[in-house]
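Presented below is the structure to which this report refers.
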Amino acid sequence: MARINEHYLKLKAGYLFPEIARRVKAFQEQNPKARLIRLGIGDVVLPLAPAVVRAMQEACEEMASEEGFHGYGPERGYEFLSSAIAKHDYASRGVEIKTSEIFISDGSKCDSGNIQELFALSSKVAVADPVYPVYVDTNVMAGRTGEILKSGHYEGIVYLSATQANHFKPSPPEEKVDVVYLCSPNNPTGSVLTKEELQTWVHWAKENDAVILYDAAYEAFIQDPNLPHSIYEIEGAKEVAIEFRSFSKTAGFTGTRCAFTVVPEEVLGKTQGGEKVSLNQLWNRRQSTKFNGVSYVIQKAAAACYSALGQEQIQANIKYYMENAGLIREGLASMGLEVFGGEHAPYIWAKTPKGLGSWDFFDELLNKYQVVGTPGAGFGPSGEGYFRLSAFGKKEKVMEAIERIKKG
Ligand code: MLT
């Protein structure tokens, strides 16, 4: 028999969202008449913008003709999409990103999970606690950690506390760290880093020769024009940061799949012998070996997000979800719960009532009110005592969920 990668056995239980789905399915089997309202996983519910669908249809038509047919695409993605990204997402904010620094992919989950392959197994990795579980789990799978400790932390990872005390914004570590994952607007807490706070991180990374893996998948939900959408709005960030962006939540592509990662030419790693190596080249090598790109049709659909009509339609959907976020925030606060996030992010992070444990409150929401949330503990030990509700739902369902909980 083939030996397995035993690092997988260190992972606790299943991945968070399938674990929730498993519990929900068991509940449904026992309560077939229950009308569930799902505000757990952040999955969009509104249909794709008409401008996006139109572009997809046109691309399909092209593919049906000899002249318009496309086989394998360019390894970093089509120029029409990367140049639209460079112009609309970066140049518009005063940031110069070359198309050769943009890698189109099928998701930020894959990219933020795969990026750790570029770093030595001995690299010290830091994450916030709580955090999007992909960052931790993929480092466990790679063998960069020891066993899980009683505290729920993995040996070998540096955890940066993100609690109420620091407004859910971690500070740079005291000890030597090589790679840090930051997520802003944050999943799960909904906190968002200001330019000054990001500047502190960029300074720290430069002084400590560290790389920042910046997950900006939720940047489109930022409401305050003074808040940064990209880490590259901070001077010097191109030397130390890799950024992940996604069309999933921004444009309803969770099922359609399209995202991109920016790896600037300036950001470097080093060999054991101290020789500097371009991370852009390594990522290009990795992607062109293990990934064959996003289909032409989907890249055309993604590019349509940047047309004037596409923007208008997408912004209307974002507004819809942010109104939901407001309803959830107000609803929970009116019940006397302590509520965070939901102002620049589609996630609302709240303290469980009566000091209940996260999973106990998850069960209470499910059993008593047939509402599915996400237990804070699923994002790390410091998430214990909190839960997350997603604003990605139909407005009437969101309102009903709040009413049900209020009545209870
Ligand atoms: C979440 O609910 O945290 C997200 O949907 C997860 C993801 O984007 O992979």
Side-chain angles (χ1 to χ4, degrees), residues 11 13-24 36-46 105-116 127-139 141 162 168 181-192 213-221 243-261 294 302 317-318 321-322 324-325 328 340-342 344-350 358-359 362 365-366 371-380 382-383 386-394 397-398 401:
L11 293 165
Y15 181 59
L16 176 62
F17 294 107
E19 175 62 21
I20 290 174
R22 192 186 61 74
R23 291 184 186 220
V24 171
L36 281 178
I37 300 181
R38 294 170 193 271
L39 302 176
I41 189 165
D43 195 4
V44 292
V45 294
L46 296 175
S105 77
D106 61 347
S108 285
K109 180 183 189 175
C110 327
D111 287 355
S112 64
N114 292 330
I115 198 80
Q116 47 76 28
V127 295
D129 173 23
V131 78
Y132 179 43
V134 167
Y135 313 151
V136 172
D137 287 6
T138 53
N139 276 288
M141 290 168 173
F168 305 101
Y181 293 81
L182 291 181
C183 177
S184 177
N186 190 265
N187 179 15
T189 65
S191 66
V192 58
L213 303 176
Y214 191 70
D215 187 347
Y218 299 96
E219 57 76 34
F221 295 85
E243 179 164 291
F244 306 99
R245 292 274 191 109
S246 174
F247 293 93
S248 282
K249 316 292 158 84
T250 308
F253 274 52
T254 52
T256 309
R257 312 302 310 150
C258 195
F260 60 93
T261 290
V294 176
N317 289 358
I318 290 173
Y321 291 131
M322 288 312 285
N324 283 349
I328 298 173
F340 311 90
H344 305 288
Y347 296 124
I348 293 86
W349 185 245
S358 294
W359 280 104
F362 169 86
L365 277 183
L366 180 62
V371 173
V372 183
T374 305
F379 297 98
S382 298
Y386 291 85
F387 69 102
R388 191 194 81 173
L389 289 183
S390 151
F392 294 115
K394 284 310 217 19
K397 289 270 175 76
V398 165

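Residues take their numbers from the sequence shown, with the count starting at 1. Both counts, for ligands and for their atoms, begin at 1 and track the order of listing.
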Next item on the list: Over 60° means perpendicular and under 30° means parallel, so classify the ring planes of Phe362 and Trp359, tilted if in between.
Entry: perpendicular
Please work out whether the ring planes of Phe247 and Phe253 are parallel, tilted or perpendicular, with thresholds of 30° and 60°. tilted
In this structure, atom 4 (C) of ligand 1 is nearest to the protein heavy atom Lys249 NZ, 3.4 Å
When distances are taken from atom 6 (C) of ligand 1, the protein heavy atom at minimum range is Tyr132 CE1, 3.7 Å
Run the numbers for me: atoms of ligand 1, each under 4.0 Å from some heavy atom of [X], listed by number.
| X | result |
| --- | --- |
| Gly42 | 1 (C), 2 (O), 5 (O) |
| Asn187 | 1 (C), 3 (O) |
| Tyr347 | 1 (C), 2 (O), 3 (O), 4 (C), 5 (O) |
| Ile41 | 2 (O), 5 (O) |

Would you say the side chain of [Y] lies within less than 4.5 Å of the side chain of [X], judging by non-hydrogen atoms?
| X | Y | answer |
| --- | --- | --- |
| Val45 | Lys397 | no |
| Leu39 | Tyr347 | no |
| Pro375 | Arg388 | no |

Distance col, row Asp137:CG vs Gln116:CD, nearest 0.5 angstrom, shows 11.0 Å
Contact region, Phe392 to ligand 1, non-hydrogen atoms below 4.0 Å, reads neither
